[in-house]
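As the structure lists them, so they are numbered: ligands from 1, and atoms in each ligand from 1. Each residue takes its place number in the sequence, starting with 1.
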Amino acid sequence: MSDADLDLTDPVLQNEAELAFEGALRPKSLQEFVGQTRVRGQLQLLLTAAALQQRTPDHILLAGPPGLGKTTLAMIVAHEGGRPLRMSSGPAIQHAGDLAAILSSLVPGEVLFIDEIHRMARSAEEMLYLAMEDFRIDIMVGKGAGATSVPLDLAPFTLVGATTRAGLLPNPLRDRFGFTAHLEFYDESELEQVLARAATMLGLPIDGEALAEIAGRCRGTPRIANRLLRRVRDYALVHGGGASVDAVRAALDLYDVDALGLDRLDRAVMETILTRFGGGPVGLNTLAVSVGEEAETIEAVVEPFLVRIGLVTRTPRGRVATPAAWRHFGLVEGARDGSAHGGATLPIDDL
Ligand SMILES: Nc1ncnc2c1ncn2[C@@H]1O[C@H](COP(=O)(O)OP(=O)(O)OP(=O)(O)O)[C@@H](O)[C@H]1O
């Protein structure tokens with residue numbers, strides 16, 4: 001695969017150096033954390049009140065698209081309270097036993113971070129209800145008619161759950177979080193601050209105009225901002241002339257990141273809605289099949305940004321392109337490539 005084929009938004013494709021860089025860049029305190037002013041204020045209050053009362057902070061749910069700082073905030077919750085942090089993820093907890101092993105080994109006050117908590121097994125979810133509420137679990141010993149449940153007390157802990165799809169969490173689980181933070185995409189001035197900090201850490205001299213150009217093209221997402229900055233650094237290194245605004249434009253064009261920050265998958269989704277379905281409405285599953293991607297990825301990663309920048313609206317009948325989308329892609333509104341799939345004929349359950 002050539003560099004130009006790399007999908008800069010795909011975490012799987014990050015190499016070790018990029019991961020190490022990302023780790024080094026994580027702010028360590030709420031004060032260093034850029035943007036999300038409201039969430040920061042709410043978290044600060046929650047953590048300070050817990051510290052004053054010398055108790056573990058309430059459980060916290062962090063919801064929002066990938067790369068907006070959920071893992072970073074979980075680390076900050078642990079760091080600010082001087083508490084150890086245990087990290088796990090929903091896909092790694094496929095049996096109640098997996099969760100029991102983690103919970104029973106927590107030390108008092110520990111912060112347990114479960115990423116993608118909506119992907120945890122249902123049996124584990126049920127165990128978590130009791131653990132969150134009473135710091136206790138019931139362990140089943142034996143099988144069949146002779147099985148008995150043995151209660152096990154746990155050390156008090158704070159659960160920090162992260163999810164890109166808060167709507168998939170069952171209500172009993174959602175209700176047991178003392179606070180839910182909805183992380184929003186960052187605005188350009190916040191992203192410029194994230195980038196300026198990262199540029200300093202990279203030792204990369206870069207001016208305000210160049211920073212603004214990257215900030216406008218990183219999908220409102222700090223993780224992507226940092227990644228694009230590294231590509232600009234590479235470009236400046238190879239071509240000389242420093243990280244000027246021209247270097248930024250050339251580097252990001254090379255990596256197929258357009259002026260709005262749309263990447264290859266965003267564009268595939270938009271072009272499908274616009275040209276195959278005449279602007280929509282088109283259902284999520286049909287869209288996912290058309291672009292060869294999981295419906296979950298379209299819904300959690302692609303769509304929130306397209307809606308936020310006003311290229312797509314969600315209607316009861318499906319996704320619809322806005323006039324701004326037709327303009328951005330230089331197409332005439334209502335044009336279609338002759339596909340037989342008219343958006344208006346889609347079944348309602350495909351939304
Ligand atoms: N508010 C912020 N200020 C500075 N840097 C940030 C901020 N938020 C995120 N970052 C940077 O962006 C990168 C991604 O953040 P993080 O891993 O916390 O996102 P995430 O929401 O957990 O993503 P995912 O859901 O994919 O795990 C990190 O390197 C972090 O340093």
Open item on the list: Between E303 and R319 (salt bridge meaning N to carboxylate O under 4.0 Å), is one present in this structure?
Closed with: yes

Task: Salt-bridge criterion met for E32 and R26 (N-O under 4.0 Å) - done: no

Open item on the list: Taking a cutoff of less than 4.0 Å between a non-hydrogen atom of the residue and any ligand atom, is G35 in contact with ligand 1?
Closed with: no

TODO: Answer yes or no: does an N/O atom from R197 fall short of 3.5 Å to an N/O atom of ligand 1?
DONE: no

Open item on the list: If the contact criterion is a heavy-atom separation under 4.0 Å, does A162 count as touching ligand 1?
Closed with: no

Open item on the list: With a heavy-atom distance limit of 4.0 Å, tell me whether T164 approaches ligand 1 through its side chain, its backbone, both, or neither.
Closed with: neither

Task: Carboxylate-amine/guanidinium contact E213 R217, below 4.0 Å - done: yes

- [ ] Only counting residues at least two apart or in another chain, list the ones meeting salt bridge (charged side-chain N to carboxylate O under 4.0 Å, His left out) with D258.
- [x] R267

Open item on the list: Any nitrogen or oxygen of P65 lying under 3.5 Å from a nitrogen or oxygen in ligand 1? Just yes or no.
Closed with: no

Open item on the list: I'd like to check which ligand 1 atoms, numbered from 1 as shown, lie under 4.0 Å from a non-hydrogen atom of D115.
Closed with: 27 (O)

- [ ] Determine, using the 4.5 Å side-chain heavy-atom cutoff (strictly less than), whether I93 and F157 are members of one ILVMFWY cluster.
- [x] yes

TODO: May I ask you to list the atoms of ligand 1 that are less than 4.0 angstrom from any heavy atom of L25?
DONE: 31 (O)

Open item on the list: Quick check on R38: does its CZ atom have over 12 non-hydrogen neighbours (other residues, nucleotides or ligands) under 6.0 Å away?
Closed with: no

Open item on the list: For atom 9 (C) of ligand 1, which of the options A74, P222, P66 provides the nearest non-hydrogen atom?
Closed with: P222

- [ ] Would you check if E299 and R314 make a side-chain contact, meaning some heavy-atom pair closer than 4.5 Å?
- [x] yes

TODO: Specify side chain, backbone, both or neither for T72, according to which of its non-hydrogen atoms lie closer than 4.0 Å to ligand 1.
DONE: both

Open item on the list: Nearest 0.5 Å, please: how far is CD in Q42 from CD in Q36?
Closed with: 10.5 Å

Task: Contact check: F33 vs ligand 1, nitrogen or oxygen atoms, below 3.5 angstrom - done: no

Task: Residue L68 vicinity, atoms of ligand 1 by number, heavy atom under 4.0 Å - done: 8 (N), 19 (O), 21 (O)

